[in-house]
Amino acid sequence: VVGSRVDFQAARRQRPTSPEVWLKEAHGAMFQRDWPRSFELADAALARDPASVLGLLTRGEASARLKRNDAALADIDAAIRLDPRSAQAH
């Protein structure tokens with residue numbers, strides 16, 4: 001786990017504006033059930049790409065796990081509006 005966090009940090013240093021790097025780390029935090037960190041990282045990815053369906057879904061799931069249901073629904077609704085055909089959003 002520590003080694004993977006170091007890898008994510010190195011990737012962020014190399015590509016700090018890449019939302020994909022932040023989302024990969026957010027998914028790693030989800031795997032570890034670190035919902036606050038997952039939310040924070042997904043939020044950082046969305047700051048870099050506000051139209052990221054995957055970013056909205058990731059932040060929405062983290063919000064749901066944190067019992068922030070209104071925020072979770074808002075993110076999931078936004079993802080569906082951006083990509084109504086997204087199987088992940090439904």
Side-chain angles (χ1 to χ4, degrees):
V1 173
V2 172
S4 64
R5 180 169 273 176
V6 171
D7 292 344
F8 286 130
Q9 290 172 353
R12 276 194 279 147
R13 278 194 304 277
Q14 292 173 354
R15 299 174 45 207
T17 60
S18 171
E20 293 83 13
V21 171
W22 294 85
L23 281 176
K24 285 181 182 179
E25 189 171 355
H27 291 147
M30 287 184 122
F31 182 75
Q32 296 170 9
R33 299 180 187 268
D34 187 346
W35 313 124
R37 181 121 177 96
S38 180
F39 176 89
E40 174 187 311
L41 292 162
D43 197 50
L46 285 165
R48 288 152 179 82
D49 181 7
S52 170
V53 171
L54 186 57
L56 287 164
L57 294 173
T58 302
R59 188 174 68 182
E61 184 174 347
S63 291
R65 300 288 186 160
L66 292 166
K67 307 288 190 234
R68 299 175 187 163
N69 297 327
D70 290 341
L73 287 173
D75 279 344
I76 293 166
D77 284 344
I80 290 170
R81 281 193 305 277
L82 284 170
D83 185 3
R85 295 177 155 218
S86 171
Q88 291 174 310
H90 291 277

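Computed from heavy atoms alone, side chains included, the values below leave out hydrogens, waters and symmetry copies. Residues: numbered from 1 along the sequence shown.
Here Leu23 contributes atom CG and Ser38 contributes atom OG; the two are 9.0 Å apart, rounded to the nearest 0.5 Å. Atom-to-atom distance recorded for Arg48:CZ and Asp43:CG is 10.0 Å, nearest 0.5 angstrom.
Between Asp75 and Gly60, the shortest heavy-atom distance links the atoms OD2-N, 3.6 Å. Residue His27 comes nearest to Thr58 through the heavy atom pair NE2-OG1, 2.9 Å, listed as atom of the first residue, atom of the second, then distance. In plain terms, the two heavy atoms of Ala26 and Ala42 that are nearest each other are CB-N, 3.8 Å. Ala29 and Leu41 get closest at one heavy-atom pair: CB-CD1, 4.4 Å.
The side chain to side chain contact (heavy atoms under 4.5 Å, CB included) check on Leu46 picks up Ser52, Leu56, Arg59, with sequence neighbours excluded.
Remark: Glu61 engages Arg65 in a salt bridge, criterion side-chain N to carboxylate O under 4.0 Å.
In the hydrophobic cluster analysis, where Ile, Leu, Val, Met, Phe, Trp and Tyr join through side-chain heavy atoms closer than 4.5 angstrom, Phe31 is grouped apart from Trp35. No continuous path of ILVMFWY side-chain contacts below 4.5 Å connects Leu82 to Leu54, so the two sit in separate hydrophobic clusters.
Other residues, nucleotides and ligands place no more than 12 heavy atoms under 6.0 Å from the CG atom of Asp70.
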